[in-house]
Structure formats: structure tokens, C-alpha cells
Amino acid sequence: MREVLEREAPHLLEKREVKARREGLPDLKNAEKGKVVLRFAPNPNGPLSFGHARGLVINSTYREMYDGEFILRFDDTDTKVKPPMLEAYDVIQEETEWLTGRKPDRVVFASDRIDEYYNHAHTMLEQGFGYVCRCTAEEFKEFRISKTNCPCRSQPISDNLVFWKRMLDGKFKPGDAVVRVKTDMQLKNPALRDWPALRLQDTALHPHPRPEIGSKYVVWPLLDFQSAVEDHLQGVTHIIRGKDLMDSTRKQTLLYEHFGWTYPETMYWGRVKVHEWGGFSTSQMRSDIESGTYDGWDDPRLPTLAGLRKRGTQAKALRNFWMELGITQKDISVPLATLYSHNTKVIDDDAPRLAFVRHAAEFSLEGEHPDKLTIPVHPNHSEMGHRTWDLKGGQVWLESDDLEKMDLRLKEFADVALHDRIARVESMERSDQRPIVHWLPHNTSSEALVMGTKDNTLLHIEGRLERHKYTPGTIVQLERVGYAILIDATTLLLCHENLQDD
RNA sequence: GCUCGCGUGGUGUAGCCAGGUCCAUCAUUACGGGUUUUCAUCCCGUCGACCCGGGUUCGAAUCCCGGCGCGAGCACCA
């Protein structure tokens, strides 16, 4: 068959290659191995959220694919509306390393680069493609809507330079003056018309949280200007970001044309909502934490990286999750089950099994039975060893919900019949089809607490936990309950939201 | 309103740029079955989709036009 095709229609064979399922991310346009520079630029107004992980995963994966460079940049140029949080700078760097598996090649603080932005603003005014606009925001909005030039647009360069100096010297109040990029007020897209590049901020009242910056500057660049200039300065070759920034690309391209620069290649992803979480914003979480609604940024109910990590979500699972979504521009809504499925695949092989008996009821064991029991740590991995239970004293704990049936098989142990508070051993061998339940001997267990989340509330389940020597942070599987991470020896947190129990 | 973008099973995703091998990929969910002395893991199976209408073409998920739906931007936020 293949020979015939090769002879008669070789093009059909080539097509098959093309249609094979693509592995991983699509190729970058105009990318040369070793010469790709990517960046991820969050506002450090809080720790990273679930959504930020996409930017980190996609950009850092391309860094690996192309043996390029990855920059982590703090876009911390707003001190009032979305003020940075001092602790976030370190937290974000640590979280970035955790998620991507290595440190960024460069870390850039926009607030350290203000002089660079000033220089470019000055160039812009000097060369006449920017101007100082003294209209109010409302006045300018009218001009934007009516496609008419604002009076400031035509003032001479010398005036612009004078006004610029007065801005820098603090002679204007916030709102009194702004530096705009001259584009064209006739542009079809209203968002692009003479967009603002730098504005004034009252940094006496709203100082920058970094002590070395504080109230040092009153003129601050806006995102579109700062980001555009910095991308050029850092030699960024590819920008991959949310499609909400599409107009940013268009604005910035106009600025690049003025400067005679070439804009990087861009790609976008759409909006992602997680069904169970709905909408969260960093500022909203911040105020909810301050008001005590949540325990902190690592509250497991919160869609933060810290919260996910605390409940045992693995970096690898997050990476797989975002890689699977890829970079389509579709706006999507995904269920947490998808993330949990990835996480389960990552953790199961390494999760030692432990018994946790919920709402435990105590029984006395009667009848012939050994006083010791040895069972595997992991049913699929004998190399993980075994655990030994001490049955001396004959006191055992069973789960309240399992007591509806009087005849039960204690897992890995014996068939028993329940009567009052007595469990009589009927057979060590499995003798019938009675249900198999997990259980614990009194001597090998302690009281414990398992926490979980459900519908944005915290669950607390009390019970008996098998004795163990695992350290906090270990992820175990509680048999018949679910995966959980150790907070301390007798406190655990369920990794995945359990939809059917309790 | 203006501007931009996106529409493949319940949820995601591949295929679309370079039309035929697509009665459409893979994953997830649900359901069923198997392995297993866990309601876990693993394995097998089943259900299930090209937004609508025209056009081009021998042939359209793929190209063109129109409609509809959804989303984003139009901040002196990022």
C-alpha cells in the first residue's frame, strides 16, 4: 500500500506527518534556539495566584524548548490603586522557582528602572511624539470619543519640556498633568488614541512599599509605557500573555514605531475560570484576609499558589494542567477535577497508605487472632516496606458509617461480627462477600484531625489516625478517604476537595 | 456604542494557516466491567462534538461572506 502511494501520490504520505497530534506547545514564530528571551511580569500586590501559574508555566517552558532566557519582572508602578506588597517580592521569586523548577535568568524591578523610563519619556517629548497633556481625565475622554485633538497636543516641544520638568519637580498635583504618546485621534480603536504613558502619584500619601523607593518619585510610568520600554531594554523577543492585553500590544507597537524599534512576537491566551472558584481578584483576597474571612494567603480555600501548595498540589501537576490547556484564545471554564486528576497521577506512587477512621467507634476484639499484623505501606510498591499493627489488648476502632452492617471484613485481617461493643472474630480467611472496611487497633493509633474544603468552607473531621513517622508536608493516602498532606503528626489536610463525603 | 478577539462532545484539547487518509484526536467527567482484602491506583469498554445560514469546490471542521453567541479593551490599574 505504502509503495503504491509513494509511487502514485507521495504528497499524501507527507500530509500524514503534518496531521499527527502535536506534542507540547506550538513553535514560536521567528525563534532561534538560544536567542529567545521571554518574561513574566506580575504586579507584586500579593502572592501569585492560580492564574499567574499559566504565565509562569508557558513562558518558562518555552525557555526550556528554545534554550533561551526567562525574566521575572515586577511591574510595581502603581502605589495607590494596586499597591505592591513588600513581602510579595520574595514570595513570588520563591514561588516561581518552585513552579518552574529553577530560578529566573533575570529578575527586574520596574521601580528600580524609573530613570530609564524618564530618559525615554524625555526622548519622546524632545522628538515630538509625546506631549504633556493638562486636560482632566474627563475632558480627554470627550476628545477621545469625538476623535478631536486636545489643545495640549499642538503645543511646542519647548513647552512640553518645561511642563515635563515641572512634573518631575512636583509642581503639578496628581491629575493635573500626564504624558501622552501621540498616535492618532482618528484611529478606529478608541483605546489607542493618544494613550497615556506617565502620570503623577502622591507618593507622600501613598509611598512605594520598597523603602529604597518610598516617596522618591512622583512621576510614574503606566503599564503600557513601562512594559514597552523595558521589553526593549531587556531584549525580549516573545511576549506571551492574556488576550486582555491585545490592545496593549497595539498601543505599544505604535510607540515602538516612534522609537524605531521592532515589537516582539506575541501570543495570547484566553480567560480561564475555575468552576468552583468563580472570580477572585488579588485585591479582593487581600481585603478578605485582612478582615479575617480567610486565614492567610495560603488558606486552602483560596486560589493562590500558596493555598494550592499547602494542600499538596504538586508543581508538576500544575505544569501538566497548564500545558494541557495550551495557549488558545478561547475563554474557558475548567473544573477542579481536571487539576486533581493531574495531581493524583503525580502523587499516588509516592503516597504511603495510612488508615484514618472517621468518627471512630471502639470495639473489643473477641476470639482467636494474632496480636500483630503486617501490611504493605503501598499496595503497588512493595519496595516501600511494610507497617506493623499492634493488636495486644484487643481494642479496635471502626468508622461509624460502617456500622450499619453487622458482618464486616476488617481489611487485611479478619471477618468479624459486631454485637454491642464487641467484634467477634469469625474467620481469619475471607469466608463470604461481606464488605471490607478499614479499621485501626487502639495501640497503633492516635486521635487526629483531618481538614478539608467544601464549597468554600473548611471541614474538620475527627477520628483515629494510624501511628506513623512521616514528617509534616508528606502526602499520604488515607485509605478509603483520600489523599492528604500532613500539617503535623495528627493534623492533616485533604489534598482534593471531596465531593461525596461528609 | 466603538474596537478587537474567540466559537470542535458535559468540561478541556488536537486537527484549521498549506481543503480529501476526519463516519474527527487525546484527556477528563459520567456510566459499565476487570485487577486489587481501600470508595485509591491501574487496565478495558460505553455515551458524547465541528454555533447557524449561504458561497467557492468533485470534495469544507478546515477557505470566503453574512448572522448569532460569548469574552475582552475603550482607566492618570496591572
Side-chain angles (χ1 to χ4, degrees), chain A residues 5 9 12-16 18-23 26 41-45 75-78 80-84 110 133 135-137 140-141 144-145 147 174-180 187-193 195-201 220 222-224 226-227 242-251 268 270-273 275 281-283 320-321 323-326 328-335 337-342 344-345 347-349 351 353 355 375 378-381 409-415 429-430 435-438 477-483 498 500-501:
Chain A
L5 278 174
L12 291 181
L13 288 173
E14 289 169 26
K15 260 299 179 58
R16 172 164 295 175
V18 175
K19 291 247 178 171
R21 184 176 168 79
R22 201 194 72 228
E23 285 292 330
N43 178 353
N45 62 339
D75 280 353
D76 55 347
T77 55
D78 183 283
K80 186 184 174 188
V81 182
K82 289 182 179 172
C133 173
C135 301
T136 64
F140 193 84
K141 188 176 181 182
R144 180 170 48 233
I145 293 170
K147 296 187 180 180
D176 289 351
V178 62
V179 177
R180 292 187 181 281
L187 254 20
K188 276 169 65 183
N189 187 341
L192 312 185
R193 298 170 195 157
W195 54 271
L198 301 100
R199 81 329 199 160
L200 296 152
Q201 295 193 100
W220 284 83
L222 273 325
L223 171 83
D224 288 312
Q226 177 272 129
S227 180
K243 69 174 186 179
D244 52 313
L245 264 11
M246 273 182 165
D247 281 348
S248 258
T249 297
R250 298 181 184 103
K251 288 187 209 174
Y268 309 92
R271 234 179 122 80
V272 174
K273 271 187 191 166
H275 184 77
S281 72
T282 300
S283 10
N320 291 346
F321 173 87
M323 284 296 286
E324 186 172 62
L325 297 199
T328 65
Q329 290 188 32
K330 262 192 276 186
D331 299 316
I332 56 172
S333 177
V334 290
T338 303
L339 176 61
Y340 292 157
S341 165
H342 282 292
T344 295
K345 285 176 171 58
I347 63 181
D348 184 73
D349 278 339
R353 268 47 176 175
I375 51 182
H378 193 301
N380 307 340
H381 297 284
R409 170 82 186 167
L410 302 189
K411 186 171 177 291
E412 312 269 13
F413 183 55
D415 287 354
E429 299 306 313
R430 180 136 214 220
I436 297 165
V437 300
H438 69 297
Q477 189 205 67
L478 302 177
E479 292 176 333
R480 292 178 74 219
V481 177
Y483 300 96
N498 206 331
Q500 73 263 24
D501 285 304

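Not measured: the values here are computed from a predicted model. Throughout, protein chains are lettered first and strands after them, A, B, ... in sequence-line order, and every chain is numbered starting at 1.
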Response to the item:
A:D75 atom CG is separated from B:A78 atom C1', nearest whole Å, by 7 Å

Discussion item. Under a 4.0 Å threshold between the charged nitrogen and the carboxylate oxygen, would A:R250 count as salt-bridged to A:D224?
Written reply: no

Item to complete: Identify whether any heavy atom of A:R409 sits under 4.0 Å from a base atom; if not, whether one sits that close to sugar-phosphate; answer base, sugar-phosphate or nothing.
Response: base

Item to complete: Please confirm whether any donor atom in the side chain of A:Q477 sits under 3.5 Å from an acceptor in the base of B:U41, or the reverse.
Response: no

Worksheet, complete the sentence: When rounded to whole Å, the CG to C1' distance for the pair A:L339 and B:U13 reads 16 Å

Practice prompt. Could you state the atom-to-atom distance from CG of A:D348 to P of B:C43 in whole Å?
Written response: 11 Å

Worksheet entry | A:D78 side chain, from C-beta outward: closest of B:C77, B:U41, B:C76 | B:C77

Worksheet entry | Distance test, side-chain N/O of A:R193 to OP1/OP2 of B:C2, below 4.0 Å | no

Discussion item. Nearest to the A:P196 side chain among B:C76, B:U37, B:A78, which nucleotide is it?
Written reply: B:C76

Worksheet item: Just how far, in rounded Å, is P of B:C26 from CD of A:E324?
Response: 13 Å

Discussion item. Categorize A:P379 for me: base, sugar-phosphate, or nothing, with a 4.0 angstrom heavy-atom threshold over every strand shown.
Written reply: base

Practice prompt. Using a heavy-atom cut-off of under 4.0 Å over every strand shown, decide if A:K80 touches base, sugar-phosphate, or nothing.
Written response: nothing

Fill in: Phosphate-side-chain proximity, A:K188 and B:C4, N/O vs OP1/OP2 below 4.0 Å
yes

Worksheet item: How far apart are the C-alpha atoms of A:D76 and A:K82, what are their side-chain angles, what is the distance that settles it, and do they pass the salt bridge (charged side-chain N to carboxylate O under 4.0 Å, His left out) test?
Response: CA-CA 9 Å; A:D76 55 347; A:K82 289 182 179 172; over 6 Å; no

Worksheet item: Which of the following nucleotides, B:U13, B:C4, B:C76, is nearest to the side chain of A:T136?
Response: B:C76

Worksheet entry | Any donor-acceptor N or O pair under 3.5 Å, side chains A:D78, A:N43 | no

Discussion item. If you assign A:I332 and A:D349 each to the RNA chain B nucleotide with the nearest heavy atom, which residue ends up on the more 5' nucleotide?
Written reply: A:I332

Practice prompt. Respond yes when some side-chain nitrogen or oxygen of A:T77 is under 4.0 Å from OP1 or OP2 of B:A78, and no when none is.
Written response: yes

Worksheet entry | Side-chain heavy-atom pair A:T77, A:Q201 within 4.5 angstrom cut-off | no

Worksheet item: When all nucleic acid strands are considered with a 4.0 Å heavy-atom cut-off, which category describes A:Y268: base, sugar-phosphate, or nothing?
Response: nothing

Item to complete: Measure from CZ on A:F321 to P on B:U28 and round the result to the nearest Å.
Response: 14 Å

Discussion item. Is there a side-chain contact between A:K330 and the phosphate of B:U8, meaning an N or O under 4.0 Å from OP1 or OP2?
Written reply: yes

Worksheet, complete the sentence: To the nearest angstrom, the NZ-P distance between A:K243 and B:G71 comes to 10 Å

Discussion item. Quick check: on RNA chain B, is the nucleotide nearest A:Q329 upstream (toward 5') of the one nearest A:D224, or the reverse? Name the residue that is more 5'.
Written reply: A:Q329

Response to the item:
A:H275 NE2 to B:U29 C1', in whole Å, measures 12 Å

Practice prompt. Would you mind telling me which of B:C2, B:C76, B:U38 lies closest to the side-chain atoms of A:L222?
Written response: B:C76

Discussion item. Checking contacts here: which listed nucleotide (B:G5, B:U38, B:U29) is nearest the side-chain heavy atoms of A:S341?
Written reply: B:U29

Discussion item. At less than 4.0 Å, is any side-chain N or O atom of A:R250 found next to OP1 or OP2 of B:A72? Yes or no.
Written reply: no

Worksheet entry | Side-chain N,O (A:T344) to OP1/OP2 (B:A40) below 4.0 Å | no

